[in-house]
Amino acid sequence: MKPSLMIAAAGLAAGLTGLVPAASAASCWDLWYERNAIYDRNGYCFSSSLGKRTFDNADCWTRNPALSQWEQRRVAEIKAEERRRGCKVNN
(Lines give C-alpha, C1' and ligand atoms only; values in the text may rest on other atoms or scores of the structure.)
Protein backbone atom coordinates (compact mmCIF):
# COMPACT_ATOMS: atom_id res chain seq x y z
CA MET A 1 0.00 0.00 0.00
CA LYS A 2 1.30 3.47 -0.86
CA PRO A 3 2.29 5.68 2.11
CA SER A 4 -0.38 8.26 1.27
CA LEU A 5 -3.06 5.57 1.24
CA MET A 6 -1.72 4.18 4.51
CA ILE A 7 -2.00 7.63 6.09
CA ALA A 8 -5.56 8.06 4.82
CA ALA A 9 -6.54 4.59 6.00
CA ALA A 10 -4.90 5.18 9.37
CA GLY A 11 -6.75 8.48 9.69
CA LEU A 12 -10.05 6.74 9.09
CA ALA A 13 -9.13 3.99 11.51
CA ALA A 14 -7.99 6.52 14.11
CA GLY A 15 -11.31 8.30 13.89
CA LEU A 16 -13.03 5.03 14.60
CA THR A 17 -10.63 3.80 17.27
CA GLY A 18 -11.13 7.03 19.21
CA LEU A 19 -14.43 5.53 20.34
CA VAL A 20 -13.01 2.23 21.60
CA PRO A 21 -10.27 1.21 24.04
CA ALA A 22 -6.70 1.63 22.81
CA ALA A 23 -6.21 -2.13 23.08
CA SER A 24 -8.70 -2.54 20.21
CA ALA A 25 -6.56 -0.50 17.79
CA ALA A 26 -5.49 -2.56 14.81
CA SER A 27 -1.80 -1.65 14.86
CA CYS A 28 0.96 0.37 16.43
CA TRP A 29 0.57 2.77 13.50
CA ASP A 30 -3.12 3.29 14.42
CA LEU A 31 -2.15 4.06 18.01
CA TRP A 32 0.60 6.47 16.91
CA TYR A 33 -1.74 8.22 14.50
CA GLU A 34 -4.60 8.60 16.98
CA ARG A 35 -2.30 9.94 19.71
CA ASN A 36 -0.68 12.44 17.39
CA ALA A 37 -3.98 13.48 15.81
CA ILE A 38 -5.03 14.64 19.27
CA TYR A 39 -1.90 16.77 19.50
CA ASP A 40 -2.39 18.05 15.94
CA ARG A 41 -5.96 19.19 16.68
CA ASN A 42 -4.52 21.21 19.57
CA GLY A 43 -1.93 23.09 17.50
CA TYR A 44 1.14 20.95 18.18
CA CYS A 45 4.16 21.69 15.95
CA PHE A 46 5.75 18.38 14.98
CA SER A 47 9.52 18.13 14.74
CA SER A 48 9.94 14.53 13.54
CA SER A 49 10.01 13.84 9.82
CA LEU A 50 7.09 11.40 10.12
CA GLY A 51 5.04 13.89 12.12
CA LYS A 52 5.73 16.63 9.59
CA ARG A 53 4.85 14.34 6.66
CA THR A 54 1.66 13.08 8.31
CA PHE A 55 0.32 16.30 9.84
CA ASP A 56 0.41 19.79 8.36
CA ASN A 57 2.50 22.09 10.54
CA ALA A 58 1.21 25.13 8.61
CA ASP A 59 -1.46 25.72 11.25
CA CYS A 60 0.54 24.76 14.34
CA TRP A 61 1.28 27.22 17.12
CA THR A 62 2.77 25.38 20.10
CA ARG A 63 5.14 22.67 21.29
CA ASN A 64 3.14 22.40 24.53
CA PRO A 65 -0.58 22.07 23.66
CA ALA A 66 -3.29 22.36 26.29
CA LEU A 67 -5.25 19.10 26.16
CA SER A 68 -8.68 18.59 27.68
CA GLN A 69 -9.00 16.09 30.52
CA TRP A 70 -10.53 13.57 28.12
CA GLU A 71 -7.65 14.06 25.67
CA GLN A 72 -5.09 13.68 28.45
CA ARG A 73 -6.71 10.41 29.55
CA ARG A 74 -6.90 9.14 25.98
CA VAL A 75 -3.23 9.97 25.28
CA ALA A 76 -2.26 8.19 28.52
CA GLU A 77 -4.31 5.12 27.49
CA ILE A 78 -2.73 5.07 24.04
CA LYS A 79 0.80 5.48 25.42
CA ALA A 80 0.20 2.63 27.86
CA GLU A 81 -0.98 0.39 25.03
CA GLU A 82 2.01 1.40 22.87
CA ARG A 83 4.32 0.40 25.74
CA ARG A 84 2.42 -2.86 26.30
CA ARG A 85 2.80 -3.75 22.62
CA GLY A 86 6.38 -2.53 22.35
CA CYS A 87 5.46 -0.13 19.54
CA LYS A 88 8.34 1.65 17.81
CA VAL A 89 6.57 3.95 15.31
CA ASN A 90 8.62 7.09 14.64
CA ASN A 91 11.51 6.08 16.91
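Positions are given from 1, in the same order as the sequence printed here.
Residues passing the side-chain hydrogen bond (donor to acceptor under 3.5 Å, both in side chains) test with Asn90, sequence neighbours excluded: Ser48. Residues passing the side chain to side chain contact (heavy atoms under 4.5 Å, CB included) test with Cys60 are Cys45, Asn57, sequence neighbours excluded. For Glu71, the side-chain hydrogen bond (donor to acceptor under 3.5 Å, both in side chains) criterion is met by Asn42, Ser68, not counting sequence neighbours. Legend: residues meeting side-chain hydrogen bond (donor to acceptor under 3.5 Å, both in side chains) with Tyr39, ordered by chain and number and at least two apart, are absent.
When side chains are defined from C-beta on, Asp30 does not count as touching Glu34, because their heavy atoms never get closer than 4.5 Å. Considering only heavy atoms from C-beta on, Val89 comes within 4.5 Å of Leu50 through its side chain. Counting heavy atoms from C-beta outward, Ile38 and Tyr44 have side chains that stay 4.5 Å or more apart. Annotation: side chain of Val75 is in contact with side chain of Leu67 (closest heavy-atom distance under 4.5 Å). Within the 4.5 Å cutoff, no side-chain heavy atoms of Phe46 are placed close to those of Thr54.
Look at Lys79 and Glu82 and you find no salt bridge, because none of the NZ, NE, NH1 or NH2 atoms lies under 4.0 Å from a carboxylate O.
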